[in-house]
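Side chains included, hydrogens not; waters and symmetry mates left out as well; all remaining heavy atoms used. Chain naming here is simple, since letters A, B, ... match the order of the sequence lines and numbering starts at 1 in each.
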Amino acid sequence: MKDYHRPQLLFQIFILPLVVILSLTSALTAQEQPVIPADSIIHIPAPTSNVVAVDYVYDRGETVELTWNLSPDDTIGGRIDGYELTRIEQSTGKMDTLEVIPAGISYYKDDKLTHGHKYAYLIRSVYFGAKSSPVSSNIITPSIEIINWRLANLFAIAFILCGSVIYFIAHAKKGKKLFIRKIAGLEAIDEAIGRATEMGRPILFVPGINDMDDVQTIAGITLLSRVAKVVADYDIRINMPVSRSLVMTTARETIKEAYIGAGRPDAYNDDMVRYITDEQFGYVAAVDGIMVRDKPATCFYLGAFFAESLILAETGNSIGAIQIAGTAQPAQLPFFVAACDYTLIGEELFAASAYLSNEPKQLGSLKGQDVGKFVAMIAIVIGVLIATLAELTGSSSLENLSEFMNRLFTIVS
Amino acid sequence: MSNLGLIISLLIIGAGLLWLLIRSLQGKEVERRIIFLFIGLAVSVPLLFNITFSEKATPIVKALYDKIDNLPEGSNILLSFDYGPTMAPEVQPMSDVLIRHVLAKNHHLFLMGLWATGQSLGAEAVDRIIKGDFPEKIDGIDFVNIGYKAGNQGVLNVIVTDFRKLYATDVGGRDLDSLPIFNGIKSLKDMDLLISVGGGFPGVKEWVQFAGDPGNVPTGGGSAAVSAPLLYPYYPRQMLGLMGGIKGAAEYESEFKRHYERFKDMPEPGVKMMGPQTLAHLVIMAFIVIGNLSYFFGKKGKQS
Amino acid sequence: MKRKIPVLITFVVGSVLILSVFFPPIETWGEDFSIFFDIIAVFAFFLGGGNLLRIHTKKAIKRQKDWGFSIVTVLGFIIMLIAGLFKVWNDGGIAGDVAAPGSLFQMMYNWIFTPLGATMYALLAFFVASASYRAFRAKNVGATILLVASFIILLGRTPLGTYVTGWIPKSLSIFNIPDLAIWIMTAPNLAGQRAIMIGIALGVVSMSLRLILGVERTYLGVDNE
Amino acid sequence: MSWEQTFGIWLAAAFTLGIVSFLYRDNIFYKVCEAIFVGSSAGYWFVTYFWDNLYRKFYLQAFDPVSPHIAPWVGFILGVLMLTRLFGAKIAWLSRWPLAFIIGATAGVYMMFYFVSNAMLQIGASIKPVFVGSFGDIVSNVLIAAGTFCGLVYFFFSKEHKGVFGGAARVGIWFLMVTFGASFGYTVMSRMSLMLGRLDFLFGDWLRLIS
């Protein structure tokens, strides 16, 4: 261990002389640098060499990669701070100093370029303000590539998955009925609506607090259309407070259509859906108020939920409502599972509307996503097996295979 | 006076829970408002009467504590401030107690930051803790603050082989070579322990991956509760110990106070903030137990 | 015609954006969409805000139940609009930052919004308690597992956990509650999270394809074509 | 303390108590707080949308004196189409176009986003050797791999949960339950901190009972 048991002695033999040297040098140089090592006054770091600029491929022609050899001074404890990069736009001669790259690093990615223009780079080694003579790179023109081959693995896997979904949708057209297992929360929808009819109380539908640019909200709206159909048939009051104007518009369209479908367009009323506020907790405060005042018999929470999930579910429980929830926010699922009667967990939320529609095409898409799941499971099993065997046997071919599996699921951006 | 209030409140809570249990077993409906009242009391009573609970360090915290305690005096320990003011209430107690512990053990303390905000938080800690509790410690000999350098984990990549490539001076502008504490210190590899306190990027994870692992230096940390689960997988092989959230800080404070008589009056923000938390957790666990007892033994059919 | 065009728009826009990921010249179109969306959302707000005003003024005029509160709501809305759109008490005038310190808009934010929002959020603590009292019952295997897992984690977050199992020797430290809690978070919890996340991804893919291909078009109200 | 600060603290305290009173039951104080919150926050968001989206993202871009952009006009036109529903059924159907645009774009963007961040990365993270490290590590690794597998079995829709398959699905749901239980227990502390924050305000800033 490096110990200083005698700081005083140390001070005398080490610091004092140093302080003297330092004060002398600073008096001599009087630069703005507060402290300059004694030997640096005249030291100009050695320049770099072999500066190479290469176009970064598969991009929009905005990026160039720059590499260089470290300066001979760039050793451990060496007298160099870093490398100052300057970019020169060839047509205008405009020079931009980029930044000083710390010593020890010999790579830079410049992603603020315009494609088709010509650029060159200058690199100077820097040490306490002293700069070496610049070393120039080759002239480079970043180009646009049409296809990003780096994502070929993503394309292949997405192609298999989408292909299977599309295949089963198309396949279903021929009228073949597919088996789909029962989903408890969905079986309960009719029962829950029936209860509202018996009790003569309204239904509350909450489509989450995100806007239409969240696919969970869209899933909630597609489920609304199934719920609204039953509601229209039984002539129950539906109350739908929303926190986004676009959701309001879409939900109105959806419910109206359900009433038209049920042959009672006159029973529809725009006030079934009303906008509250975009503010998360303001919306929650209002929905809580609606719950205790209206006492709905059934509450649906289908969409994107955040911290409000438990506030809503517990208030709903206190008024004795049947509650059916569904979200793909993993962090909120525990609260819904604990506090609601039925919860559609993640994937079930997206599958729900297809399941309820009972159309062969929609059910086909569920079959297709099962194939995707199967592929994922097989990939995990095989991948784990190969990786484990490679680890145990040390076989290089297995290791290569394992490496390949890993690369297959890695996205390089 | 405050003790009386405390005893009365605890009695009320205890008796109330008992009443709740009996009532539940009889199968009677227990109103939500009573539950609300309990949890409200459980949080406000410790806050009003300043109730604290003596924490016992869990193994993951104890590991970090023991490491610092068992290193020979004069070991080199680096503490990185990887957080900003918003996260400070949760993680500042950790860096505070760590500084006290390291200096009380007469280790050498190196302060730095991978977050720009870390530099001033470090300087503030020096003023508040070291100048206050350890007036005898000398800047540059017993401790040093080398501050922040931009580059996130890139900084670690460099200083794991050589400090001086990035750091020429400490925050006071003094050349590292002029500081006795840096005598014989070339890189992070010369440290005996690396500790990162933070809760975002870069943070403990980056220290483990880019400094601890490649430099083969024991690494520990403190992190906000939300990011702690992401760090647990590194324990204990790559990360020797971790303080997770305010609870981790409280455990460390308790452990430290138990062994260091001199600091028995030091402020312990972690322990203080844990008082209401602990009581609330106990009450919630009591609810779960009561709920289940009434479910199994209570008169059936009343609740579901 | 009225119904085919929207389906066609969905199809074209959706497929182009999926493919844009693979083609660098158009790879930022997804980001452009979010700007379009933001602009559309403002126009939609005319409908939403209009709805808010209409419902509450109607309530006030007809003296329906709770009409007084409707007046408060409308007043709050209008005052906030005036404060923000005309930048009342804003040192920078109409060109200043809308949230400049000292402006009426910012003051209303600090005085009204922050306490109301924070308190509403804080109600969660109470609801966590009531949920754990009534919902965590060992009704079946699944519910029991949920209950036990959360109980161990809760126990691990109080000193009690350490006191109860602190005596367990180091070789069996996995049965030490705090360590057990960490293990639950890192092993079985991770497995469950992964399954949920992969499932969600597949669900979104399938749902998106149904929308893009026009198999699912209930949102357009085309069920009875 | 200035009168503004005092006023602000008293106002904030009144709002805090008003909201909390809802726990007892719905009452006039809560209703007042709710009305103020709803009205002013709706106004707040419109103001924010107006300046951020309409002014900054549209007006400043589209009417940039140097290089006016054309792209924001797409959003503008779609937005105007959105308003056609105000002008009668004759042209209201045009408002479906922006909706169709939004749904298509959301589906497209989200599909790839979720696929990359949820599916690819999680599958990739699962692929690693299980028989490494201590006995405890091996058990954990096997459990993680098996748990992920069984969890996915639970989500199968097109096969009945019977026999071995049903058994795996059951194990899968158990793993999900551990996940839910653990997340619940782990979040309790942060929820309590929120209440602590409000109580701290009431007892400290307002009543000055604690320092």
When the 4.5 angstrom heavy-atom criterion is applied to C:Val98 and chain D, the contacting part is side chain
The interface call for D:Val153 against chain C, heavy-atom contacts under 4.5 Å, is neither
* Asked: What orientation do D:Phe101 and C:Phe36 show, parallel under 30°, tilted 30 to 60°, or perpendicular over 60°?
  -> tilted
Examine distances only and state if a side-chain atom of C:Ser150 and a backbone atom of D:Gly185 form a donor-acceptor pair shorter than 3.5 Å. no
Checking heavy-atom separations under 4.5 Å from chain C, one finds in residues 129-146 of chain D D:Ser140, D:Leu143, D:Ile144
Could you give the side-chain donor-acceptor pairs of residues 119-126 of chain C under 3.5 Å, partners two or more places apart or in another chain?
residue, atom, partner, partner atom, Å
C:Thr119, OG1, C:Pro115, O, 2.6
C:Thr119, OG1, D:Arg198, NE, 3.4

In terms of heavy-atom pairs under 4.5 Å with chain C, the winner among D:Arg170, D:Met189, D:Met82 is D:Met189
If one checks every heavy atom of D:Phe7 against chain C at 4.5 Å, the contacting part turns out to be side chain
Contact list (residues 80-88 of chain C to chain D, heavy-atom gap under 4.5 Å, by number) returns C:Met80, C:Leu81, C:Gly84, C:Leu85, C:Lys87
So, the part of D:Trp51 with a heavy atom under 4.5 Å from chain C: the answer is side chain
Between D:Phe46 and the options C:Phe45, C:Phe43, C:Phe105, the ring pair (Phe, Tyr, Trp, His ring centres under 6.0 Å) test singles out C:Phe45
Checklist entry - Does the side chain of D:Ile28 reach to within under 4.5 Å of the side chain of C:Phe69, using non-hydrogen atoms? => result yes
So, the part of C:Phe151 with a heavy atom under 4.5 Å from chain D: the answer is neither
Interface check, chain C: of D:Ala42, D:Gly151, D:Gly147, most non-hydrogen pairs under 4.5 Å belong to D:Ala42
Of the listed C:Val141, C:Val74, C:Leu52, the one with the largest count of heavy-atom pairs under 4.5 Å with chain D is C:Val141
Greatest number of non-hydrogen atom pairs under 4.5 angstrom with chain C, of D:Ala35, D:Cys33, D:Gly172, falls to D:Ala35
Minimal heavy-atom distance between C:Ala191 and D:Phe175, with the atoms involved, is CB-CD2, 3.9 Å
Worksheet entry | Check: D:Asn53 side chain, C:Ile39 main-chain N or O, donor-acceptor pair, under 3.5 Å | no
Under a 4.5 Å heavy-atom criterion, the part of residues 26-33 of chain C in contact with chain D comprises C:Gly30, C:Phe33
### Message
When you compare the side chain of C:Leu47 with that of D:Arg85, does any pair of heavy atoms fall below 4.5 Å?
### Response
yes
Nearest heavy-atom contact between D:Asn118 and C:Ile198 is O-CG1, 4.1 Å
Greatest number of non-hydrogen atom pairs under 4.5 angstrom with chain C, of D:Leu83, D:Leu94, D:Ile9, falls to D:Leu83
Just wondering, do D:Ser40 and C:Phe77 contact through their side chains at under 4.5 Å, heavy atoms? no
One option among D:Ala105, D:Ala119, D:Ser183 has the most heavy-atom pairs under 4.5 Å with chain C, and it is D:Ala105
One option among D:Ile102, D:Thr187, D:Val109 has the most heavy-atom pairs under 4.5 Å with chain C, and it is D:Ile102
Ranking C:Ala118, C:Ser130, C:Gly199 by heavy-atom pairs under 4.5 Å to chain D gives rank one to C:Ala118
So, the part of D:Phe156 with a heavy atom under 4.5 Å from chain C: the answer is neither
Taking every heavy atom of C:Ile184 against every heavy atom of D:Ala182, the minimum-distance pair comes out as CG2-CB, 4.0 Å
Assert top hit (heavy-atom pairs under 4.5 Å, partner chain D, pool C:Ile212, C:Ile112, C:Val21) equals C:Ile112
Under 6.0 Å between the ring centres of C:Trp111 and D:Phe15?
no
Quick one, D:Leu81 and C:Ile40 - any side-chain contact, counting heavy atoms below 4.5 Å?
no
Honestly, the part of C:Asn110 sitting under 4.5 Å from a heavy atom of chain D is neither
Counting heavy-atom pairs under 4.5 angstrom with chain D, the leader among C:Thr73, C:Leu190, C:Ile200, C:Leu17 is C:Thr73
query = Is there side-chain contact between C:Val128 and D:Phe184, with heavy atoms separated by less than 4.5 Å?
reply = yes
